[in-house]
Amino acid sequence: MSREFLLPDLGEGLTEAEIVSWLVAPGDVIVIDQPVVEVESAKSVVELPSPYAGRVEALHAGPGDVVHKGSILITVASPVEGVVEPEQPDVVPGTALRAREAEPTGSGAVLIGYGTKESTVRLKRPAGGRFGNRTSAPSPLAPAGTLLDPERHSPVVSPLVRKQARLHGIDATQLAGTGPGALVLRADVDVAIAALETSLAAPSHVLAVSPVPAAGDQRVQMSAMRKLIAQRLGTSRRTIPEATIWLDVDATELFAAKDRLQKSTGERFSLTALIARFVVAGLAEFPILNSSVDEEASEIIRHGSIGLGLAAQTSRGLMVPVIHDAGSLTTRQLRDRVAEVVAHSDKGDFPAAQLRGGTFTLNNYGGFGVDGSTPIINYPEVAMLGIGRMIDRPWVVDGELAVRKVVTVSFVFDHRVCDGDVASGFINFVARCIEEPLTLLGSL
């Protein structure tokens, strides 16, 4: 007897993942809870444990392949001698991925739908599924007006689907869902958006310009992470009326303060850690910048704690790991947390919890050799501070020309939340701290 391990629900509405690497091969004998595959979702890279014991018969996808929830990952033959496997419950596999405490026997890392105790409950679904009969899929080429029906009330479970539709002026409940029981899926909204954009395109006498394939052209499939980056940045650009201001700042004293700290304490303090300290102090002075916007309620939410995000370029793409409750940390503690982020930046192997809860982002793009930038705000935050490269430049000091360490500091903010006076106050506060680090003592 063979059993098939299907890709389970990875949580948070994630329905697809990319195979990073297989940890087993056909012919291998595995046990319950043994990690068999490493997959990358839009949130993180995780190892999936096998709910079955036995001999690996087949792997159904290769590294780089994108698999969807319910797709077959691996086939495991009947348990071999010496490998014990408990009976499995009769439930629908692939419904969620959770962890629970190990029981006296069986799996300690249970995938819901692949539990290791016999279930006494038999699930029976009503005819037609959870929401009734399924409707036919709308044509991707149908005009936007034909996809929407004001008399239709299709079920929409995912808040992300509702929000994506609302951002484009579409009521998702008016779409004919293609999911089970007419459930409206993300793909249905994407079709409607595409149809809407087509209907609002240039007049019919203007020919649309499409990319013309040429010799040597290649199509590269977006990774799950790249799709998420594109979605979040696109949402930010469409939603937030942003404005950018910048200052050139003399950072000579900041370098001197870093050297004095290392000499007096014997400990290393990075420039990024010190600037992060200034940012946290600045947000205490201007708390409206540590906010987000509830568009439906027309309210500004001032967050009670600071989730300081650090933009990090990783092998998986741009990620923003978060230092939670940064306002409660000492300078040493903040330094250590910044160092932890830097240590994980190459691989981008941040835990999922560290990629959530950000309320403000610090972006040090000086490492790329540029002086300035107009970055896109990390939605749903309302502001971001950017630090350019620190280089020797001519600077006037006490009426005399001198060579100083100068950095361009840029600040992008959501104009719905504040006006230029607040934004200018914040960037000037940080600039003063960089120019005269001892001034921060007055606000501690």
Side-chain angles (χ1 to χ4, degrees), residues 1-130 134 178-181 183 185 221 223-224:
M1 173 184 171
S2 297
R3 292 183 175 180
E4 295 174 338
F5 175 27
L6 313 182
L7 179 68
D9 187 336
L10 300 176
E12 301 187 38
L14 302 175
T15 59
E16 66 179 22
E18 180 178 330
I19 302 294
V20 176
S21 63
W22 285 102
L23 308 179
V24 295
D28 289 353
V29 176
I30 60 175
V31 296
I32 291 175
D33 286 351
Q34 178 177 336
V36 294
V37 64
E38 188 179 42
V39 300
E40 177 183 2
S41 70
K43 294 291 186 181
S44 61
V45 175
V46 296
E47 291 181 350
L48 298 183
S50 172
Y52 307 129
R55 187 179 301 277
V56 177
E57 274 192 346
L59 309 179
H60 294 276
D65 290 346
V66 176
V67 292
H68 298 268
K69 186 179 74 172
S71 299
I72 303 174
L73 293 175
I74 185 173
T75 300
V76 180
S78 298
V80 299
E81 183 178 354
V83 178
V84 179
E85 180 182 18
E87 295 182 356
Q88 308 298 319
D90 181 17
V91 295
V92 179
T95 56
L97 175 59
R98 305 253 175 85
R100 76 181 186 194
E101 296 181 359
E103 300 182 0
T105 60
S107 173
V110 176
L111 302 171
I112 301 301
Y114 295 99
T116 59
K117 291 183 64 179
E118 179 64 22
S119 173
T120 58
V121 179
R122 295 288 184 249
L123 301 181
K124 184 177 181 180
R125 297 187 181 276
R130 180 179 173 188
R134 178 172 177 164
T178 60
L183 179 67
L185 306 177
Q221 181 65 39
S223 67

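On a predicted model such as this, the values are computed, not experimentally measured, just so you know. For this chain, numbers begin at 1 and follow the sequence in order.
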Do [X] and [Y] come within less than 4.5 Å of each other through their side chains, counting heavy atoms only?
X      : Y      : value
Ile72  : Phe5   : no
Ile19  : Glu40  : no
Leu183 : Thr178 : no
Tyr52  : Ile74  : no
Ile30  : Val56  : yes

> Do any N or O atoms from the side chain of Arg55 and from the backbone of Gly27 form a donor-acceptor pair under 3.5 angstrom?
Replying inline: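 Yes.
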Could you tell me the separation between the [atom1] atom of [X] and the [atom2] atom of [Y], rounded to the nearest 0.5 Å?
X     : Y     : atom1 : atom2 : answer
Leu7  : Glu16 : CG    : CD    : 9.5 Å
Ser71 : Glu4  : OG    : CD    : 11.0 Å
Asp33 : Leu48 : CG    : CG    : 12.0 Å

Closest heavy-atom contact between [X] and [Y]?
X     : Y     : result
Val24 : Pro35 : CG1-O, 4.3 Å
Val31 : Ala53 : CA-CB, 4.0 Å
Val20 : Val39 : CG2-C, 3.9 Å

>> Tell me every residue that passes side-chain hydrogen bond (donor to acceptor under 3.5 Å, both in side chains) with Glu38, counting only those two or more places apart in sequence or in another chain.
In response: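 Glu38 satisfies side-chain hydrogen bond (donor to acceptor under 3.5 Å, both in side chains) with Ser21 only.
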Expected list for residues 57-68: side-chain donor-acceptor pairs under 3.5 angstrom, two or more places apart:
unit_1, atom_1, unit_2, atom_2, d
Glu57, OE1, Ser2, OG, 2.9
Glu57, OE2, Ser2, OG, 3.0
His60, NE2, Thr75, OG1, 2.6
Asp65, OD2, Gly62, N, 2.8

